[in-house]
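Structure record follows, encoded as C-alpha cells.
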There are 2 protein chains.
Amino acid sequence: MLRLSKKTDYGLLALNFLASEAPAGVASARVIAEKYEIPVELLAKVMQQMARSGLVAASKGAHGGYKLGRAANTITLADIVESIDGPLAITACGRNDDPCDQYGSCTVRDPLWKVKDRILSVLQTTTLAEMGDKEVDKDIHVPLTVRV
Amino acid sequence: MLRLSKKTDYGLLALNFLASEAPAGVASARVIAEKYEIPVELLAKVMQQMARSGLVAASKGAHGGYKLGRAANTITLADIVESIDGPLAITACGRNDDPCDQYGSCTVRDPLWKVKDRILSVLQTTTLAEMGDKEVDKDIHVPLTVRV
DNA sequence: GTAATATAAGACCTAACCGGTCGGAGATAC
DNA sequence: GTATCTCCGACCGGTTAGGTCTTATATTAC
C-alpha cells in the first residue's frame, strides 16, 4: 500500500489548477470540483483544511474563492500531505508519543524511522511548481549512497 | 498518512527475528508471536503471505516452522511491503489498470508516479540485512539532485 | 435592504479494509 | 496408527476514510 489518501489527491489537483490554469489564480471550490468531476462538498472540506494551514487563501462572498497562499515553488509535496493527512508516519507508533505494545522488544523501529526520513526528504524536495511543469522531463537522480 | 500496515510491521519483525535471532534460522509462528506479544493467528496469516511470495520457506509438522527463503541481504523492504500489502502505489489509480474517474483531466498523475518511483527506490535499496544491523549507524546520504 | 454567491463547520451515513478469530489439512514423532 | 505439532484457507466484526447533508456566516451586486 503506502497510499496517500484520496483527499490529498484532490487537494493536489486543486492546488495545481490554482497554480497554472485558474484565471487570475483564483477559483471557487465549485468550479474546481466541476472541472475534475469530484464531489464539491468534499473538495470544499479539503480546501478548508489547506486554508487553515495557509497553503491557500480564502475569500468569501460573490466572486470569491481560493488562491495560493504563497508561491508555487515554495509549496512542497510534504506540506500538502501534512496539511491534509497529518504528519507523515509510516509506522503505527509515533516518534515520541504513545509507544506501541511492542515498544520494548521492537527491533526495527530505528531503521524504519530512517526510511521514513528518507521518504520525507523525497516529498520535501518536490515542489508544486515542479509538478505542474508538464513540459520539463525532470531528470531525478537518487544516488542513495549508503555507507555501511 | 502514507502508512504501511500493521501486518507489514509484524512481518518485518518476524523476518528480522529469523535473520538474526532464531536458532538455526528456524522458528514457528507461535514462537515469534510470543516473543513480540502479537496475536499468533494474525502473524500466521502474514507468514503465509510471505511464504507464497517465497520470502520465507514453510515446513509443516512437529519441529516445523519458517526460515528465510533467501539470503537476508537480497530481501529488500520493497519485497516485504509488496508481499504483504500488494504492489506499492501512492495514488488511487494504478499504473495500467482501472483508470480513475479523473483519468482524462488528471494533471498530477505523471509527476506523482515519478515520486512513487523515487520512494520505491528508497525501499528497494534497504535490505533486511541492513535493518537488522543495530550496531552500524548507517549514514544515509540522499543528495537528491533534481535537475530542472 | 435584499438576493445571490461563496466559504466555514459541524453532524451523519456508508462501504471498504484492516485487524482478529475459527475450524480444517498436512507432516512428523513415537 | 495415533497424538501432536505445524501451516493453511475461509470467515467476521470494528474502525476509518470517503462522501453527503444541513446550517451558519461573510461578501458582493443590485
Side-chain angles (χ1 to χ4, degrees), chain A residues 1-11 13-14 18 22 24 26-34 36-67 69 81 84-86 89-93 100-102, chain B residues 1-11 13-14 18 22 26-34 36-67 69 81 84-86 89-93 98 100-102:
Chain A
M1 279 281 189
L2 213 67
R3 277 226 331 245
L4 44 87
S5 72
K6 224 166 191 178
K7 284 201 260 185
T8 306
D9 288 346
Y10 294 160
L13 277 173
L18 291 179
V26 179
S28 72
R30 187 179 52 77
V31 167
I32 305 177
E34 282 173 1
Y36 296 108
E37 298 178 54
I38 55 187
V40 192
E41 297 88 350
L42 184 55
L43 178 64
K45 210 182 329 193
V46 173
M47 299 308 288
Q48 284 173 42
Q49 219 150 355
M50 292 197 294
R52 259 172 291 186
S53 314
L55 291 184
V56 296
S59 58
K60 295 185 176 181
H63 302 105
Y66 294 97
K67 63 173 182 176
V81 171
I84 297 173
D85 274 343
I90 64 172
T91 53
C93 54
C100 57
D101 298 349
Q102 289 78 35
Chain B
M1 280 285 187
L2 213 69
R3 277 225 334 242
L4 43 87
S5 71
K6 222 166 190 177
K7 285 201 261 185
T8 306
D9 289 346
Y10 294 160
L13 277 172
L18 291 179
V26 179
S28 70
R30 187 179 52 76
V31 167
I32 304 178
E34 282 173 2
Y36 296 108
E37 298 179 54
I38 56 188
V40 191
E41 297 86 352
L42 182 56
L43 179 65
K45 190 158 41 170
V46 173
M47 299 307 288
Q48 283 173 46
Q49 219 148 354
M50 292 198 295
R52 256 172 291 182
S53 314
L55 291 184
V56 295
S59 58
K60 295 186 177 179
H63 302 106
Y66 294 97
K67 62 173 182 177
V81 172
I84 298 174
D85 275 342
I90 64 172
T91 54
C93 54
D98 69 314
C100 58
D101 298 349
Q102 290 77 36

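Protein chains get the first letters and strands the later ones, always in sequence-line order, with residue 1 at the start of each.
- If you take CD1 of B:Ile32 and P of D:dT6, they are 12 Å apart, rounded to a whole angstrom.
- Considering only side-chain atoms of A:Lys6, the nucleotide from D:dG18, D:dA29, C:dG19 that sits closest is D:dG18.
- Which of C:dG20, C:dA8, D:dC8 sits closest to the side chain of B:Ala51 comes down to D:dC8.
- The CD atom of B:Gln49 sits 5.5 Å away from atom CZ of B:Arg52, with the distance rounded to the nearest 0.5 Å.
- Nucleotide D:dA29 holds its P atom 17 Å from the NZ atom of A:Lys60, rounded to whole Å.
- Summarising the geometry, the separation between OH on B:Tyr66 and P on D:dT6 is reported as 11 Å, rounded to the nearest angstrom.
- In this structure, the separation between CD1 on B:Ile38 and CD1 on B:Ile32 is 8.0 Å, given to the nearest 0.5 Å.
- Residue-level contact check: B:Ala29 touches the backbone only, with heavy atoms under 4.0 Å from sugar-phosphate atoms and none from bases.
- With rounding to whole Å, A:Leu43 atom CG is found 14 Å from C:dA6 atom P.
- Each of C:dT7, C:dT5, D:dG18 was ranked by its minimum atom distance to the side chain of A:Ala62; first place goes to C:dT5.
- Side-chain proximity of B:Lys45 to C:dG19, D:dG18, D:dC8: nearest is C:dG19.
- Nucleic acid contact class of B:Ala58 (heavy atoms, under 4.0 Å, all strands): sugar-phosphate only.
- Look at CD on B:Gln49: it is 12 Å from P on D:dC8, rounded to the nearest Å.
- Two residues are said to be in side-chain contact when any heavy atoms from C-beta on lie closer than 4.5 Å; B:Ile84 and B:Leu4 fail this criterion.
- Between A:Leu43 and A:Leu13 the shortest side-chain heavy-atom distance does not fall below 4.5 Å.
- Using a 4.0 Å cut-off between charged side-chain N and carboxylate O, A:Glu41 and A:Lys45 make no salt bridge.
- Considering only the side chain of A:Leu42, D:dT20 comes nearest among D:dT20, C:dG26, C:dT21.
- Closest contact between the side chain of B:Ser5 and the listed nucleotides D:dC7, C:dG19, D:dG19 involves C:dG19.
- Checking B:Gly65 against A:Glu41, the closest nucleotide of DNA chain D that is more toward the 5' end is the one next to B:Gly65.
- Within the 4.0 Å cut-off from OP1 or OP2 of D:dC5, not a single side-chain nitrogen or oxygen of B:Arg30 is found.
- Computed from coordinates, the B:Arg3 CZ to D:dT15 P distance equals 15 Å when rounded to whole Å.
- Taking atom NZ on B:Lys67 and atom C1' on D:dT6, their separation rounds to 16 Å, with Å as the unit.
- Close to C:dC18, at under 4.0 Å from its OP1 or OP2, lies no side-chain N or O of B:Tyr10.
- Taking atom NE2 of B:His63 as the reference point, atom C1' of D:dC7 lies 16 Å away to the nearest angstrom.
- The closest donor-acceptor contact from the side chain of B:Asp85 to the backbone of B:Ser5 lies under 3.5 Å.
- Judged by atom type and distance alone, A:Lys7 does not reach the base of D:dG18 through any side-chain donor-acceptor pair under 3.5 Å.
- Nearest nucleotide to the side chain of A:Gln48, out of C:dA8, D:dC8, D:dT6: C:dA8.
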